[in-house]
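One structure is given below, encoded as structure tokens.
All values below come from the heavy atoms of this structure, side chains included, with hydrogens, waters and symmetry mates left out.
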Amino acid sequence: EDKVVQSPLSLVVHEGDTVTLNCSYEVTNFRSLLWYKQEKKAPTFLFMLTSSGIEKKSGRLSSILDKKELFSILNITATQTGDSAIYLCAGTNYGGSQGNLIFGKGTKLSVKP
Amino acid sequence: DAEITQSPRHKITETGRQVTLACHQTWNHNNMFWYRQDLGHGLRLIHYSYGVQDTNKGEVSDGYSVSRSNTEDLPLTLESAASSQTSVYFCASSESTLAGTTDTQYFGPGTRLTVL
């Protein structure tokens, strides 16, 4: 059965800290890995990764995929209180359910002032 | 601006009643999805559709049904609501191109359903 596991499940840091969120996956016919940020409502898209070793960056957030070791990390530097959210990781695969997202349970990040 | 909307945003119903949650997108996306989100479980796929008249069961489809009569809408029906279906429900959509289905899904604002 395909699965995505995120760690830690929750994390509390102070403003200015750097955090690393982890996502490991076991997805048959793996195609891509996506990161979403969820504040009080809908998940919003952050990154999609398909190739190993190529870092995607958006401001203070960056992410990279390792297809050999089957994991991805999401880094947030110089954290701000606005980064407080649940970060979701999801895998997709090729095949009959192509395009369907297999979600991990999320990492709840709390950034204290 | 294109968007995806859900209604109602909050719903309280009683056990045994039929409930329909609406999802409407104006991106003209072929693919639409319904998820439920519960503490400790994350987002779980209920049903999905790759186009008009196409529907498929997801991981947790028991007690739910969908129909796709046009591109814009994918209503989710709870045939006989149960307390275990108390949850937050998200609708999402993604694009299909000639190269195939794209993976990035865009989510609606969610519907909080309480079954008493």
Query raised in the report: Given side chains that start at C-beta, do those of Leu101(A) and Leu45(B) come closer than 4.5 Å, heavy atoms only?
Result: no
I'd like to know if [Y] and [X] are part of one continuous hydrophobic network [Ile/Leu/Val/Met/Phe/Trp/Tyr, side-chain heavy atoms within less than 4.5 Å].
{"X": "Val19(A)", "Y": "Tyr87(A)", "result": "yes"}
{"X": "Tyr48(B)", "Y": "Tyr64(B)", "result": "no"}
{"X": "Trp35(A)", "Y": "Leu61(A)", "result": "yes"}
{"X": "Leu76(B)", "Y": "Leu113(B)", "result": "yes"}
{"X": "Val19(B)", "Y": "Trp34(B)", "result": "yes"}

Report task. Check the surroundings of atom NZ in Lys108(A): do more than 12 heavy atoms from other residues, nucleotides or ligands lie under 6.0 Å from it? Result -> no
Query raised in the report: CG of Leu39(B): more than 12 outside heavy atoms within 6.0 angstrom?
Result: no
Rounded to the nearest 0.5 Å, how far does [atom2] of [Y] lie from [atom1] of [X]?
{"X": "Tyr36(A)", "Y": "Phe107(B)", "atom1": "OH", "atom2": "CZ", "answer": "5.0 Å"}
{"X": "Gln37(B)", "Y": "Phe103(A)", "atom1": "CD", "atom2": "CZ", "answer": "8.5 Å"}
{"X": "Asn100(A)", "Y": "Tyr50(B)", "atom1": "CG", "atom2": "OH", "answer": "4.0 Å"}

Report summary line: Between Leu43(B) and Leu88(A) the two heavy atoms that sit nearest each other are CD1-CD1, 3.6 Å
**Report entry** Under 4.5 Å from a heavy atom of chain A, the part of Glu59(B) involved
**Finding:** neither
Query raised in the report: Which residues in residues 37-60 of chain A have any heavy atom lying under 4.5 Å from a heavy atom of chain B?
Result: Gln38(A), Lys41(A), Ala42(A), Pro43(A), Phe45(A), Met48(A)
